[in-house]
Amino acid sequence: MKKLILFSAIAALLFNACSDDDTPGDETYGNDYDFSAIIADYVDYTVVPTYADMKDKSALMLGATEDFLASGSQDDINLACEYWKQTRQPWECSEAFLFGPAANQSLDPLLDSWPLDQAQLDQVLASNQTIDAAYVKDALGAVLRGFHTIEYLLFRDGQARVATDVSDREKEYLVAVTEVLRDDCLNLWALWAGVEEGTAEAALAEELELELGTPYAEILKNAGNAGSIYLSQTDAVDEILLGISGIADEVANAKIADPVSSGDVLEVESWFSWNSLTDFQNNIKSIENSYLGGYDGGTSGACLSDYVKEKDAELDIKVKGLISDAINAIADIPYPFRNNLNNEEKVNAAMDAVNAVAAVFDDEVRPLFID
Amino acid sequence: MLKRKILIVMVIIGTWIAGCSINESEDILTPGGRVALPEELSAGESTVFNSTSKAFDTPASWVTGELSALFLEGDALYDNPRVSDGNPVNGGLGPVYAGYSCASCHNDAGRTKSTLFTDGGTGQYGFSSFLTFIRTPNGQNHKNYGRVLHDQAVYGSEPEGKVRATYTEEHYSFPDGETYSLITPHYEIYDWYADSIPVEQLEMSVRTPLRHVGMGLMLAVDKDEIKELASIQYPEYGISGEINWITERNTKQIGLSGHKAQHADLTVELGFLSDMGVTNDRYPHEVSEGQSQVTGEYGIQITTKEMAAVDFYMHALGVPARRAVQNETVQKGEDLFYQAKCHLCHTPTLHTQKEGVKLLDGTNLPWLGGQTIHPYSDYLLHDMGPELGDDYSQFNASGDEWRTTPLWGIGLQEVVNGHSHFLHDGRARNFTEAIMWHGGEGDVSRQLFSKMTQEERETLIMFLRSL
């Protein structure tokens, strides 16, 4: 592709070198291809199912933490840990689309704030303060809630904690903070999908006084039409493309690179569950889903890959290959990541593979879409 | 990298084809590989072709190699929350604070949607994303309080107070019958942690976060050009801009940043201390020092090197390219923008000084120098009338005076931050309301806008959306 652009630039210059008339014919910054189906199916088959799964799994996690509060049994905390991982999976599979409500309603920091404020949490636990969801939501800030707070209460050294080590205060906080996370997951899904009257979700949304407004699904699908915040469909497609290269960049050059370059295990995101390698792979699956459509084996519909294939079939094959290479290269880092920061060969291979995904989207795929 | 290769080829060919006076080495290419139109280039070499939610949070194209790593480091420090002392990383938050990270108020380098707009500031742990300045009528700090009301606190400390907003709505009509309404905010501080301050003893100004668009270029702007603009008056329109001469680091300087142009740098050190409670080499003592809830010295909580990374990040953010510049409606809207005299304060074109600009740590950024930029601001103070006034003067800026808001990127605020609240406290809910709040020196433009047809008003707003 680079060669092609170079060639075009040279050709344009050869033919127009002495003319003033070398501006493009396009009237606007955009692309007049009809992306309606690609955008609609991306929303309906990738984004909404991902968030729906997270909403459903978070409710199961809440149930498991409530059971654990009542029983104190090892089986129940084990199950809560399993549901934490199952809720974490769709969240990490959503990180290629951290635009819209996740960003502009600050749900990303509320769900996945890092680092955890363990020092404050320990003080809250040591106090006599009544702990419930309202207290966590309205009295404590963003750094005492979300996945990493729950993780701290459930896991140690990559395993479920010994049930008898968990204090009653910790169990109370666990249930409260999981309820808040369940509410945030519902909110995020509802802000995209809207809620249907008469459903359990609608009732909960009303109880939580969620301000839902126009579903983001509609805003994105309506791109380029009067009333949409997106001036063109190309802008909406560019959200998807830059979401993809953005998360690839973050995985390679922050999530993996930061702890590797500092050698500090405290810079590895999941301190207690040791779930990082799974998280990173799910981030790349988020890219795969955004490119190929669908979620977790569901319907895929029209997708970016269709358009790329139409314009440059070889590039489409290359992109698919690079995505699976990246997933495999991360899987190739020995578990757990925190104990293998100095495994230069595997870590560098993973960073290179993920960076290659970012580069192919920025340098080769994006130019096919953006004028 | 790609761009450089193409530029080299272009230069070679340009030289090779004799007799042509092309100047292709200046060309900037879009992601699709075409030469960008001059109208698209909001900020010269620092223009980024991105009209998505990350439009404000994208590095300029000159950020490569080691600069990319520094940009990422600054970005992470800007985004990741500070946590309280006693944690292994990112400590220093509080004991009292207004924001828990730069991004908590400047989400994606923009303007976080405030809970004040939705529920008056009561929900979601009362996090407003606003700054509330408070002082005595004599301009002094109140006993037990600082310059900003810290409405958040770490566990074990009390927020200094909470801010509540209620709005009253009034309905109006344009001469052609189209209706609009304006909401007037009423602010109240409650739950004071110490003695309540009676309203008559309280000067306060409630302010929305600024979009962090083009901050480096703003600091690099040619100061002589600003002085020149300040010397021009338009008595026929009642417009005369004024420089806010401020004193910072014992130096008299032209204020450029802040709603009242009350700062001459990007306030990284002040922001960490005053907004988050993170002490640093310039401000080593807790913002709440002297309060009973500050129990001791906390030491330096963010390194000078880390602050330099944040300072670099903010300077290196690109400015989104203008969109739809050849669209007829947008072009007509631009004409109407001039007809309404908006351009007399929202100056379309400025230039940056040749040498670029220096960061806090003295590093020079030559890439920001010698650029033609389109901030749509003169960075001067204008009297906007008592309706917008806050009775809160800062240096030369009186209560009714505000710095002309740069409009670059404004058309993308809703994409980035999910809302279209404008003006210093976000009281305008859309472009029309923002224009109709313009009083004082902005009154002529407001009148001219009012007298347009509905279609013309919408056309003018389409131009604003292209910025």
Side-chain angles (χ1 to χ4, degrees), chain A residues 2 5-6 8-10 13-14 17-18 22-24 26-31 99-101 103-106 109-110 113-120 123-124 127 137-144 209 211 229-232 235 238-239 242-243 246 253-254 258 266-267 363 366-367 369-371, chain B residues 2 5-6 9-10 13-14 17 19-20 22 24 30-35 37 40 49-54 72 76 80-81 83-90 93 100 103-104 107-108 112-113 118 123-127 152 154-156 321 323-327 414-419 465-466:
Chain A
K2 280 184 188 178
I5 292 176
L6 272 176
S8 312
I10 292 165
L13 270 170
L14 284 175
C18 290
D22 59 356
T23 49
D26 281 82
E27 204 184 54
T28 57
Y29 167 60
N31 178 330
F99 59 86
N104 66 37
Q105 304 292 321
S106 298
L110 294 176
S113 191
W114 184 94
L116 156 73
D117 198 332
Q118 191 181 320
Q120 266 197 84
Q123 288 181 57
V124 175
S127 73
K137 194 180 286 187
D138 295 331
L140 300 174
V143 287
L144 290 170
E209 297 179 359
E211 301 228 3
I229 62 172
Y230 291 101
L231 276 184
S232 70
D235 290 349
D238 207 20
E239 280 281 21
L242 292 172
N253 304 314
D258 284 352
L266 292 174
E267 292 200 36
D363 300 341
R366 195 169 174 238
F369 291 84
I370 310 300
D371 171 37
Chain B
L2 175 60
K5 274 185 198 158
I6 294 172
V9 172
M10 285 176 163
I13 294 173
I17 301 171
C20 294
I22 53 169
E24 300 293 357
T30 68
R34 70 168 170 82
V35 178
L37 304 171
E40 290 176 309
F49 291 85
N50 185 328
S51 17
T52 73
S53 59
K54 302 295 178 272
L72 276 179
N80 288 337
V83 288
S84 60
D85 267 353
N87 284 291
V89 293
N90 280 39
L93 182 71
Y100 54 85
S104 65
N107 201 341
D108 284 326
T112 306
K113 186 177 182 180
T118 45
Q124 207 68 278
Y125 57 94
F127 182 74
Q152 305 287 316
V154 299
Y155 186 80
R323 297 155 311 288
V325 294
Q326 293 190 318
N327 176 289
E414 196 166 3
V415 173
V416 175
N417 295 123
H419 69 94
R465 290 190 62 193
S466 81

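Naming convention: chains lettered A, B, ... in sequence-line order (proteins, then strands); numbering from 1 in each chain.
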Per-residue contact mode, [X] against chain B (heavy atom under 4.5 angstrom):
{"X": "A:Pro115", "value": "both"}
{"X": "A:Leu116", "value": "backbone"}
{"X": "A:Glu211", "value": "side chain"}
{"X": "A:Val124", "value": "both"}
{"X": "A:Ala103", "value": "both"}

Exercise for review: Nearest 0.5 Å please: distance from the CD1 atom of A:Ile370 over to the CG atom of B:Asn50.
Suggested key: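 It is 9.0 Å, given to the nearest 0.5 Å.
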**Study point:** Nearest-0.5 Å distance, OG1 of residue B:Thr52 to CG of residue A:Leu242
**Key:**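 Atom-to-atom, B:Thr52:OG1 and A:Leu242:CG are 5.0 Å apart.
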Practice item. Specify which of B:Thr118, B:Asp85, B:Val416 makes the most heavy-atom pairs with chain A at under 4.5 Å. Key: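 Looking at each of B:Thr118, B:Asp85, B:Val416 in turn, B:Thr118 comes out on top.
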Review point. Hey, which of B:Asp108, B:Leu93, B:Asn80 has the most heavy atom pairs under 4.5 Å with chain A?
Key: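 Maximum pair count with chain A is reached by B:Asn80.
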Between [X] and [Y], what is the shortest heavy-atom contact and its length?
{"X": "A:Trp114", "Y": "B:Val89", "answer": "CH2-CG2, 4.2 Å"}
{"X": "B:Val415", "Y": "A:Ile229", "answer": "CG2-O, 3.3 Å"}
{"X": "A:Asp238", "Y": "B:Phe49", "answer": "OD2-O, 4.4 Å"}
{"X": "A:Ser113", "Y": "B:Pro81", "answer": "OG-CG, 3.2 Å"}

Practice item. For the pair B:Thr30 (side chain) and A:Asp371 (backbone), establish whether a donor and an acceptor sit closer than 3.5 Å, ignoring hydrogens and angles. Key: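 Confirmed, B:Thr30 side chain pairs with A:Asp371 backbone.
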Practice item. Compare all side-chain heavy atoms of B:Val83 with those of A:Gln120 and state whether any distance is below 4.5 angstrom. Key: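 Contact flag for B:Val83/A:Gln120 side chains = no.
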Check your understanding: B:Ser53 versus A:Asn104: any side-chain heavy-atom pair under 4.5 Å?
Key ->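 A side-chain contact is absent here, since even the closest heavy-atom pair is not under 4.5 Å.
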Check your understanding: Under 3.5 Å, is there a donor-acceptor pair between the B:Ser84 and A:Asp117 side chains?
Key ->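 Short answer, yes.
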Review point. Which answer fits B:Thr112, side chain, backbone, both or neither, if we ask what part of it has an atom under 4.5 Å from a heavy atom of chain A?
Key: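 For B:Thr112, the contact with chain A is made by the side chain alone.
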Check your understanding: For B:Asn87, is it the side chain, the backbone, both or neither that has a heavy atom under 4.5 Å from a heavy atom of chain A?
Key ->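 Both parts, backbone and side chain.
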